[in-house]
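Notes follow the structure.
Predicted model only: the values in this text are computed from it and were never measured. Note: hydrogens, waters and symmetry copies are ignored here, and every other heavy atom, side chains too, is used. For the single chain, residues carry numbers from 1 onward in sequence order.
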Amino acid sequence: MSIEKVVERFYEAHNARDAAAVAALYAFDASHEEIAQRKVKQGPKEIASGLGRFFGWFPDASWAPDRRAVGANGVAMMSYLLKATLKSQMGPIAPREQAISLRGVHLLVIRDGLIHRSEDYWDADTFQRQLNHV
């Protein structure tokens, strides 16, 4: 599968809120790092589990990719706008229909049609401010 096709399916699966379909795009030894949280998920199962929790909190989450840069070396970078509404308890944060609108950047390292590493860059302060807004 081409890099462009992997990227297309990556966002299709995210926007379908299908954690298993996202995880199926990853190699068995892949990793995903949430840079803002300093958390790394190892392997498709752990990646799917984390996304499943996120989709539980934000069942209407949608990513709108904007700019894209794809290198011949298998690296793709995409800026996106994430919009979602908190619908269930997220740790100490109670759902009050808080809407988030968060810009970020995904970096994907793709080899042989599979993601081997992904990184997600977004601003944790903006995220927290939007969730805690009264």
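Between W63 and H14, the ring-plane angle classifies as perpendicular under the 30° and 60° cut-offs. In this pair, F54 and W57 present their aromatic rings perpendicular. The plane angle is above 60°, beyond the 30 to 60° band. Between Y26 and H32, the angle of the ring planes goes over 60°, which puts this pair in the perpendicular group of the 30/60° scheme. Ring orientation note: the planes of F58 and F127 are tilted relative to one another, at an angle of 30° to 60°.
By the ring pair (Phe, Tyr, Trp, His ring centres under 6.0 Å) test, F55 is found to be paired with no residue, residues two or more places apart in sequence or in another chain being considered.
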Task: Full working for salt bridge (charged side-chain N to carboxylate O under 4.0 Å, His left out) between E8 and K5 - done: CA-CA 5 Å; E8 179 183 324; K5 192 66 171 171; 3.3 Å; yes

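Here OG of S118 is found 8.5 Å from CG of L107. Values are rounded to the nearest 0.5 Å. For the atom pair CD (Q42) and CD1 (I47), the distance works out to 8.0 Å, reported to the nearest 0.5 Å. Atom CD of residue E4 and atom CZ of residue R9 lie 13.0 Å apart, to the nearest 0.5 angstrom. Note: L108 CG to F10 CZ = 5.0 Å, rounded to the nearest 0.5 Å.
The hydrophobic clustering, which links ILVMFWY residues whose side-chain heavy atoms are closer than 4.5 Å, places V22 and M77 apart. A continuous path of Ile, Leu, Val, Met, Phe, Trp and Tyr side chains, each step under 4.5 Å between heavy atoms, connects L51 with L82, placing both in one hydrophobic cluster. L102 and V105 fall into different hydrophobic clusters, defined by Ile, Leu, Val, Met, Phe, Trp and Tyr side-chain heavy atoms under 4.5 Å apart, directly or through other members. Hydrophobic clustering, with ILVMFWY side chains joined whenever heavy atoms are under 4.5 angstrom apart, groups M1 together with I115.
When all heavy atoms of V70 and A76 are compared, the pair lying nearest together is CG2-CB, 4.2 Å. S31 and V40 make their closest contact through CB-CG1, 4.1 Å (heavy atoms, listed as atom of the first residue, atom of the second, distance). A84 approaches A61 most closely through the heavy-atom pair CB-CA, 3.7 Å. When all heavy atoms are compared, the tightest approach of A94 to L86 is O-CD2, 3.9 Å. Taking every heavy atom of both residues into account, A48 and A19 meet most closely at O-CB, 3.5 Å. I3 and G71 get closest at one heavy-atom pair: CD1-O, 3.8 Å.
Looking at heavy atoms from C-beta onward, Y80 lies in side-chain contact with D120 at the 4.5 angstrom threshold. Side-chain contact between L131 and I100 is present, with at least one heavy-atom pair separated by less than 4.5 Å. Contact annotation: the side chain of Q128 approaches that of I93 to within less than 4.5 Å [non-hydrogen atoms, C-beta and beyond].
Pairs engaging residues 47-68 under the salt bridge (Lys or Arg N to Asp or Glu O under 4.0 Å) rule: none recorded [sequence neighbours left out]. Screening residues 16-43 for salt bridge (Lys or Arg N to Asp or Glu O under 4.0 Å) gives E33-R117 as the qualifying pairs, with residues at least two apart or on separate chains.
No side-chain donor-acceptor contact under 3.5 Å links Q130 to the backbone of Q98.
By the 6.0 Å contact criterion, CG on D112 is open, its count of non-hydrogen atoms from other residues, nucleotides or ligands being 12 or less.
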